[in-house]
Amino acid sequence: MAGGPGADPALLLPNSPCSVEVTAMSADRPAPVRVRIAPSPTGFMHVGTARTAIFDWLAARSTGGQFVLRVEDTDQKRFVEGSIADVIEGLHWLGINPDEGPGIGGSCGPYLQSERLDIYRQHTERLLEAGHAYRCFCPPRPADAQPQDAGGRRAGYDRRCRTLDPSEVAGRLAAAEPFVVRLKMPLTGSFVLQDLLRGDIRFEAAALEDTILIKSDGYPTYHFAVVVDDHLMSISHVMRGEEWIPSSPIQIQLYKALGWPEPIWVHLPLVLNPPDPETGAGRGKMSKRFGDTSLLEYRAKGYLPEAMFNYLALLGWSFSGDQDLFSPSEAQQRFRVEDIKPSAAYWNQDKLDWMNGIYMRRLVPEDLALRLRPFFVDAGIPATEADLRRLVPLVQERIGRLDEAVPLLDFFWSDEVSPAVADLIPRKMDAAGTRALLAAARDALAVLEPWTGTAIEDRLRVMAESLGLKPGQAFQPLRVAVTGRTVAPPLFETLSHLERATVLKRLDAATRLLTAD
RNA sequence: GCCCCCAUCGUCUAGGGGUCCAGGACAUCACCCUUUCAAGGUGCAGACCGGGGUUCAAAUCCCCGUGGGGGCACCA
């Protein structure tokens, strides 16, 4: 952090939000929305997080607001190296770069919560002094050892330290006893969460616990850090998954205790695993068990960021009644936070695949070639950009993902192919007949000029007719002989992109295979 | 167990009291095209969870039920 002592305004004025420049786009547009995506660095970026980020970005961009990245790294034990980079890269891949964040800068930093410990400490002091929070010396209750009553119900913390005598607290503090700081929740009354998408949600205070604000290691819990930071960072809309609804009263109480205005709450619908195809039953939040959940895993599997953005944006929002395909800038034009649907959505892999295919077919061949190359390199195939540019037309409309081009084209770089004899011989034909066909094709192609797709087609069709063979019968053996596969790009163009010598060589090899039989 | 959220075709959704015997998209199925595989074209089928209200009128508003989901840690 640059600057001399006291240079950080957030430290000087820990109670005031940082000043951000906010300019409405125009009078008839909604006020600028300032949002943050707040992932915890405990693994790879989840597609659900990506979807939230897209909504954030759309909300900010459509109103002239800002999109902030803040890393919630308050659990030292769960920190996973590389996960922050994964998030930043994921956002970049989708084309939704944050305006502020770690490594990006901004006037409301630091953007790593682990670097904001002093700030949390100061606000903890305020709460303690005002009697809104208290120190608790009770031993921790691990998640797997929750006390339960006879009915199997969980018993919450009994608040025994809430009424500790000040002198006792001083004594135990002096004895260096470990402690946590807990929030004093009201014992009666109720809370109302005003959610932009769901209306008012009421909670009875009696059912709520005195949540921990500061852990015994001195780090804040999510509930505390999120409130402090959202306020100090001038976040206008807290957009997050609906799994946070039940714990919202804690944060509402915190806003009250700290004397701060609440942000606008927006609880987004969850992304769910696809339902069981047999029973139709739901299977919970999107998880690794039923498909990839890591955003960048989709990149690795050959999905296009354009498709991913489009698909994800459609999970809980719709562009219009009759249009599913749109660009990020088109989405910006129409996006309104309050149009997000509150109900959870099942992941629809088929639709993503379809959409990816659409976006791939829309690319200009040069662009597709560019994107294809890494997949060939990864497969150990020395395909050049020029190679791919030439071959792309053969595969562009028959692949759904970038990686699918590799098995469709790899024979172009093979010395020889190894077809299966059974694949070589078409239905209603025998080995002898197939040999005759291969020989006829060889003779025809050996002297053909020019070596072009249409010339090859014309010649081979004449050949097929003279042998009395249907196209399917005549061409499939040639395809298998030359490509080694039963599924391949269209035959004539494929042949024209191979050296004539290579074609003849492979026809000969196939003939030998049939003879040896 | 307690608390909370949600509810239109299998899925994503449009629709916000009459214009809806509910529109679009994916998937499915059929047909067309066709040298394999695709892509493309055409078409069929397919939904307002149930029950009560409110209203002249309800997919749209209210209540209950049911179903699905989420939460109940010194994790976020």
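Keep in mind that the numbers below use all heavy atoms, side chains included, and drop hydrogens, waters and symmetry copies. Proteins come first, then strands; the chains are lettered A, B, ... in the order of their sequence lines, and each starts at number 1.
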(message) Rounding to an integer number of angstrom, what distance separates B:U28 and B:A22 when you compare their P atoms?
(response) 24 Å
Would you please confirm or rule out a distance under 4.0 Å between OP1 or OP2 of [N] and any side-chain N or O of [X]?
X: A:Arg240; N: B:A76; result: no
X: A:Ser247; N: B:G71; result: no
X: A:Lys215; N: B:C75; result: yes
X: A:Arg202; N: B:C4; result: no
X: A:Thr74; N: B:C75; result: no

(request) Please list, by residue number, the residues of residues 284-294 of chain A whose heavy atoms come closer than 4.0 Å to an atom of RNA chain B; answer none if no residue qualifies. (result) A:Gly284, A:Lys285
(message) Mind checking if A:Ala207 touches a base, just sugar-phosphate, or nothing, with heavy atoms under 4.0 Å?
(response) nothing
(message) Counting the atoms with a prime plus P, OP1 and OP2 as sugar-phosphate, which does A:Leu491 contact under 4.0 Å by heavy atoms, base, sugar-phosphate, or nothing?
(response) base
On the six-membered ring of [Y], is [X] placed so that its NZ or CZ lies under 6.0 angstrom from the centre and within 45° of the ring axis?
X: A:Arg182; Y: A:Tyr134; value: no
X: A:Arg485; Y: A:Phe411; value: no
X: A:Arg334; Y: A:Phe319; value: yes

For [Y], is there an ion pair with [X] - N to carboxylate O distance below 4.0 angstrom?
X: A:Glu242; Y: A:Arg198; answer: yes
X: A:Glu125; Y: A:Arg121; answer: no
X: A:Glu306; Y: A:Arg371; answer: yes

(request) Answer with yes or no after comparing the ring centroid distance for A:Tyr222 and A:Trp244 against a 6.0 Å cut-off, counting only values under it. (result) yes
(message) Which nucleotide, if any, forms a Watson-Crick or G-U wobble pair with B:G17, using both distances under 3.5 Å?
(response) none
(message) Let's test this: given Watson-Crick or G-U wobble pairing with both distances under 3.5 Å, identify the partner of B:C2.
(response) B:G71
(request) Kindly say whether, by distance alone, the side chain of A:Ser343 makes a donor-acceptor pair under 3.5 Å with the base of B:C6? (result) no
(message) Distance check needed: B:A76 C1' versus A:His46 NE2, whole Å only.
(response) 13 Å
